[in-house]
Amino acid sequence: MIEISKKITSNVARVNATYNLIKENDRVMVGFSGGKDSLTLIHTLNRMKKKAPFKFDFKAVTITYGMGEQIEFLSNHCKEHGIEHEVINTQIFDLAGEKIRKNSSFCSFFSRMRRGYLYTTALEQGYNKVALGHHLDDAMESYFMNLFYNGTMRTMPPIYKANNGLEVIRPLIFTRERQLRAFAASNEIRVIGDEACPGLRFDVKMPHARATTKELLAKLEEQNPKIFVSMKAAFSNIQLPTFFYKDLKDIDLNFDE
């Protein structure tokens with residue numbers, strides 16, 4: 001029997017209540033890679049489906065890259081726990097060989113392509129929401145990567161509407177990565193890790209920005225164990241007029257310096 005910690009379930013319940021991620025009669029398609037994050041997500045939603053005071057449906061969908069991935073165990077795992085699962089086979093890997101230049105970064109390409117297949121499948125099958133397994137560490141790392149490398153202040157919202165009309169939700173966005181790692185370990189669930197990264201088969205540079213940012217945040221957390229708590233609070237307490245924002249006509253400028 002799968003055991004989910006109260007911390008994870010309470011985090012998911014809180015983010016769902018705050019942002020209305022999943023509501024009555026929603027049909028949710030979950031991006032299921034087989035890693036610790038998406039495994040936690042499908043089991044948390046499976047529990048939520050049984051406990052929530054409203055009805056919703058969800059299905060786990062795995063997008064392959066066309067690398068000959070051995071993922072039968074994912075289908076078996078879902079079947080064992082009564083979770084609907086579908087595999088969408090693609091040729092993303094071959095396409096990447098034509099599109100990605102030598103020594104270029106590849107993560108955004110694979111992510112964008114996989115997301116496109118997921119969105120298309122959701123629309124074709126009548127799902128109105130897509131759920132992704134991003135967690136709080138992902139959101140914080142994304143924020144600092146954008147700040148340091150892209151000159152912008154942005155991160156991963158709990159919910160947003162894509163251009164195609166689908167709502168994209170992140171039920172684990174209040175949950176720490178270590179809690180997801182502990183979930184997989186305590187339940188002795190086989191997970192897919194970095195060995196499935198398609199970039200390992202290309203002559204391209206491995207991304208360093210996220211690894212560097214993760215190391216920085218780890219060091220900051222050693223100095224201030226509450227830093228993630230503070231940053232999460234800051235993400236919903238944005239004092240926009242204190243930034244170099246040029247269009248302030250509709251913003252109350254009465255703020256303390």
Side-chain angles (χ1 to χ4, degrees), residues 1-16 21-22 28-52 56-89 107 110-111 114 118 130-141 156 169-201 206 210-211 214-215 217-218 221-222 225 228 232:
M1 180 178 178
I2 295 294
E3 296 290 339
I4 307 174
S5 72
K6 290 183 179 180
K7 189 66 175 178
I8 292 176
T9 56
S10 64
N11 281 338
V12 172
R14 187 164 69 254
V15 72
N16 192 67
L21 303 190
I22 301 176
V28 184
M29 183 164 287
V30 183
F32 180 47
S33 68
K36 66 184 187 312
D37 307 340
S38 59
L39 273 162
T40 306
L41 181 56
I42 63 170
H43 282 290
T44 303
L45 292 183
N46 202 33
R47 181 185 185 279
M48 182 177 173
K49 183 178 179 180
K50 298 171 183 176
K51 301 286 186 179
F56 73 95
D57 292 319
F58 81 94
K59 177 167 70 171
V61 171
T62 302
I63 308 294
T64 71
Y65 293 119
M67 297 168 22
E69 299 99 316
Q70 301 299 312
I71 58 172
E72 292 82 3
F73 74 96
L74 295 180
S75 296
N76 293 336
H77 179 86
C78 288
K79 183 177 181 180
E80 178 184 354
H81 296 283
I83 298 172
E84 187 177 359
H85 179 232
E86 181 178 355
V87 177
I88 306 295
N89 293 308
C107 284
F110 284 107
S111 177
R114 186 168 63 178
L118 188 63
V130 168
L132 305 176
H134 296 125
H135 46 72
L136 185 60
D137 294 62
D138 286 328
M140 299 306 169
E141 290 162 15
M156 298 175 170
I169 61 174
R170 296 181 169 105
L172 299 176
I173 205 65
F174 284 177
T175 304
R176 293 297 306 274
E177 182 177 18
R178 61 181 177 235
Q179 294 168 335
L180 308 182
R181 190 179 296 113
F183 164 81
S186 63
N187 285 285
E188 299 182 341
I189 299 176
R190 178 183 174 186
V191 301
I192 292 178
D194 292 339
E195 73 277 1
C197 174
L200 296 176
R201 301 193 186 185
M206 296 300 290
R210 183 167 295 277
K214 187 182 286 289
E215 290 176 7
L217 288 172
E221 191 171 20
E222 287 179 4
F228 274 79
K232 182 167 74 70

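FYI, the numbering just counts along the sequence from 1. Quick caveat, the model's predicted, so the values are computed rather than measured.
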Stepwise side chain to side chain contact (heavy atoms under 4.5 Å, CB included) test for Arg114 and Tyr65: CA-CA 8 Å; Arg114 186 168 63 178; Tyr65 293 119; 3.2 Å; yes
Find out whether [X] and [Y] are in side-chain contact, i.e. whether some heavy atom of one side chain is under 4.5 Å from a heavy atom of the other.
X	Y	value
Leu39	His77	yes
Asp137	Leu217	no
Gln179	Asn11	yes
Ile42	Cys78	yes
His134	Asp37	no
Ile63	Phe32	no
Asp138	Glu177	no

Stepwise side chain to side chain contact (heavy atoms under 4.5 Å, CB included) test for Lys49 and Asp57: CA-CA 7 Å; Lys49 183 178 179 180; Asp57 292 319; 3.6 Å; yes
Sidechain-backbone polar pair: Asn89 side chain, Thr64 backbone, donor-acceptor under 3.5 Å: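 Side chain of Asn89 to backbone of Thr64, a donor-acceptor pair under 3.5 Å: no, none is there.
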Short side-chain to backbone donor-acceptor contact, Asn46 and Ile83, under 3.5 Å: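 Judged by distance alone, no pair lies under 3.5 Å.
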Please find the pair of heavy atoms, one from [X] and one from [Y], that lie closest to each other, and give the distance.
X	Y	value
Lys232	Met140	N-CE, 3.4 Å
Ala139	Ile173	CB-CD1, 3.9 Å
Ala184	Lys36	CB-CB, 4.3 Å
Ile22	Asn16	N-OD1, 2.8 Å
Val87	Ser75	CG2-OG, 4.0 Å
Ser38	Gly31	CB-O, 3.5 Å

Aromatic ring pairing Phe183/His43, orientation class (parallel under 30°, perpendicular over 60°, tilted between):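 Answer is tilted, since the angle falls between 30° and 60°.
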Worked check of salt bridge (charged side-chain N to carboxylate O under 4.0 Å, His left out) between Glu221 and Arg178: CA-CA 13 Å; Glu221 191 171 20; Arg178 61 181 177 235; 3.4 Å; yes
Measuring from [X]:[atom1] to [Y]:[atom2], what's the distance to the nearest 0.5 Å?
X	Y	atom1	atom2	result
Thr40	Ile189	OG1	CD1	7.0 Å
Met29	Glu84	CE	CD	8.5 Å
Thr62	Ile88	OG1	CD1	9.0 Å
Glu141	Lys214	CD	NZ	3.5 Å
Asn76	His81	CG	NE2	10.5 Å
Thr9	Ile4	OG1	CD1	7.5 Å

Phe174 six-ring centre to Arg14 NZ/CZ under 6.0 Å and within 45° of normal: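 The answer is no, since Arg14 fails at least one limit relative to Phe174.
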Check against side chain to side chain contact (heavy atoms under 4.5 Å, CB included), Leu45 and Met48: CA-CA 5 Å; Leu45 292 183; Met48 182 177 173; 4.1 Å; yes
Verdict with supporting geometry, Ile192 and Ile71, side chain to side chain contact (heavy atoms under 4.5 Å, CB included): CA-CA 9 Å; Ile192 292 178; Ile71 58 172; 4.1 Å; yes
For Ile169, the option from Val130, Leu132, Val28 that meets side-chain contact (heavy atoms from CB on, under 4.5 Å):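 The single option meeting the side-chain contact (heavy atoms from CB on, under 4.5 Å) with Ile169 is Val28.
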Exercise: do Thr175 and His135 side chains pair donor with acceptor under 3.5 Å: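 Not at all, the side chains of Thr175 and His135 share no donor-acceptor pair under 3.5 Å.
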